[in-house]
Amino acid sequence: WVASTTCTNSVLMRSGKFAWCSKAGPISSSFRLSTSSTTVTQWGLPTLMQVTCHVLEEMLAFAVDCDGPVAIRYPRGSAYQGLQEHQAPVEHGKSEVIHRGKKIAVLGVGSMIPSCLEVCKGLKEDGFDPTFVNVRFVKPLDVKLLDELAKDHSLFATVEENVKSGGYGEHVSAYMEACHPEVRVLSASVWDRFVPQGNVDSLRARIGLGVADIRQAIEDSEELKRQ
């Protein structure tokens with residue numbers, strides 16, 4: 001293994017196969033922090049987004065056994081301790097459905113899972129029953145799940161701490177437009193421009209990635225207003 005560290009990212013590589021392990025720091029520029037998952041998906045690598053500490057070991061085991069290179073992105077700070085009751089095995093290209101609801105699907109990526117959990121709680125308080133998905137792989141897309149959700153959902157909300165251009169939400173939007181144009185995709189992501197240094201929570205609020213911002217954007221959508 002070869003390790004290379006920058007101000008916001010660490011890279012672990014093994015000859016032949018390699019796992020790019022990108023670490024997101026608790027105090028950093030969200031723009032710099034967010035570029036890695038877009039970069040590695042553009043390379044065509046299978047890309048996993050780790051959010052809880054108990055699943056990282058399983059993801060590393062998957063990467064070692066995978067027939068080819070794999071990228072894993074994980075937090076630099078304290079890993080999220082929740083959702084330990086949800087420990088579905090890591091399968092290539094498969095997301096984890098935390099709750100199956102209807103009409104609205106919130107697809108959370110990596111470090112945004114705790115925020116998505118709060119968004120879903122707020123939506124339930126307002127009378128909605130959102131599906132909540134932990135997007136373990138940003139590449140390849142779990143198109144089987146997207147096809148299944150398209151049968152009884154009118155709105156997908158993708159939430160990622162990553163630049164919008166080339167990100168998970170953009171790929172989901174392209175797939176849904178081609179295969180399920182009746183379903184709208186709302187992408188919550190980082191501006192495609194530099195963001196100042198600062199605490200991540202304050203930066204998220206500044207660029208519309210706070211819990212209240214995401215929840216409001218979903219509830220303001222035309223799809224919900226028609227219900």
Side-chain angles (χ1 to χ4, degrees), residues 24 30 48-55 75 78-91 94-138 141-162 164 167-173 175-176 180 182-190 200-227:
S30 286
L48 298 98
M49 306 297 287
Q50 184 266 345
V51 61
T52 58
C53 57
H54 57 270
V55 80
S78 299
Y80 180 54
Q81 299 294 323
L83 299 179
Q84 296 203 26
E85 67 277 19
H86 300 279
Q87 297 189 44
V90 175
E91 298 181 55
K94 298 295 183 182
S95 297
E96 180 182 32
V97 179
I98 304 299
H99 173 75
R100 188 66 156 84
K102 56 186 179 181
K103 302 297 182 184
I104 312 165
V106 178
L107 294 87
V109 178
S111 60
M112 294 305 295
I113 288 293
S115 296
C116 289
L117 182 61
E118 294 302 313
V119 169
C120 288
K121 286 180 179 178
L123 291 172
K124 287 183 179 180
E125 291 172 0
D126 291 339
F128 301 104
D129 183 21
T131 291
F132 180 24
V133 176
N134 174 12
V135 179
R136 285 179 164 178
F137 283 79
V138 294
L141 286 180
D142 189 350
V143 296
K144 183 176 180 180
L145 177 62
L146 297 179
D147 292 340
E148 181 65 27
L149 294 178
K151 296 176 181 178
D152 54 4
H153 290 71
S154 59
L155 176 66
F156 288 180
T158 65
V159 185
E160 59 185 316
E161 195 173 48
N162 182 55
K164 184 174 183 178
Y168 174 74
E170 188 173 89
H171 290 295
V172 171
S173 295
Y175 178 79
M176 297 306 290
H180 304 283
E182 72 282 2
V183 179
R184 186 197 171 197
V185 179
L186 175 65
S187 177
S189 52
V190 179
V200 168
D201 288 337
S202 63
L203 291 176
R204 285 177 179 172
R206 179 171 181 171
I207 62 177
L209 276 182
V211 171
D213 303 301
I214 298 167
R215 176 178 168 185
Q216 192 64 52
I218 293 172
E219 295 190 351
D220 286 346
S221 68
E222 290 297 326
E223 287 71 20
L224 294 198
K225 291 179 179 179
R226 289 198 296 265
Q227 294 182 23

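Position 1 is the first residue of the sequence, and the numbers go up from there.
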Shortest non-hydrogen contact between [X] and [Y], atoms and distance:
| X | Y | value |
| --- | --- | --- |
| Ala88 | Glu96 | N-OE2, 3.3 Å |
| Tyr168 | Phe137 | CE1-O, 4.3 Å |
| Asp213 | Ala205 | OD2-O, 3.7 Å |
| Ala157 | Ile218 | CB-CD1, 3.8 Å |
| Phe128 | Glu219 | CE1-OE2, 4.1 Å |
| Met176 | Leu146 | SD-CB, 4.2 Å |

Thr131-His153 side chain donor-acceptor pair, cut-off 3.5 Å: yes
Check: Ser111/Glu161 side-chain N/O donor and acceptor closer than 3.5 Å: yes
Residues Arg100, Asp129: salt bridge by 4.0 Å N-O rule: no
Sidechain N-carboxylate O distance under 4.0 Å for Glu148, Lys144: no
Contact check, side chains of Thr158 and Val185, non-hydrogen atoms, under 4.5 Å: yes
Sub-4.5 Å side-chain heavy-atom contact between Arg215 and Glu118: no
Pair Asp147-His180, side-chain contact (heavy atoms from CB on, under 4.5 Å): steps then yes or no: CA-CA 8 Å; Asp147 292 340; His180 304 283; 2.8 Å; yes
Out of curiosity, [X] [atom1] to [Y] [atom2], how far, rounded to the nearest 0.5 Å?
| X | Y | atom1 | atom2 | answer |
| --- | --- | --- | --- | --- |
| Leu209 | Ser189 | CG | OG | 7.0 Å |
| Ser187 | Asn162 | OG | CG | 9.5 Å |
| Leu123 | Ile214 | CG | CD1 | 10.5 Å |
| Glu170 | Glu160 | CD | CD | 9.0 Å |
| Arg184 | Phe156 | CZ | CZ | 13.0 Å |
| Ile104 | Ser221 | CD1 | OG | 7.0 Å |

Arg136/Asp142 under salt bridge (Lys or Arg N to Asp or Glu O under 4.0 Å): CA gap, chis, key distance, verdict: CA-CA 9 Å; Arg136 285 179 164 178; Asp142 189 350; over 6 Å; no
Stepwise side-chain contact (heavy atoms from CB on, under 4.5 Å) test for Leu155 and Leu186: CA-CA 7 Å; Leu155 176 66; Leu186 175 65; 4.1 Å; yes
Among Lys121, Lys124, Lys102, side chain to side chain contact (heavy atoms under 4.5 Å, CB included) partner for Pro130: Lys124
side-chain contact (heavy atoms from CB on, under 4.5 Å) assessment of Leu149 paired with Val133: CA-CA 11 Å; Leu149 294 178; Val133 176; 4.3 Å; yes
Chi angles and distances behind the side-chain contact (heavy atoms from CB on, under 4.5 Å) call for Leu107, Phe132: CA-CA 6 Å; Leu107 294 87; Phe132 180 24; over 6 Å; no
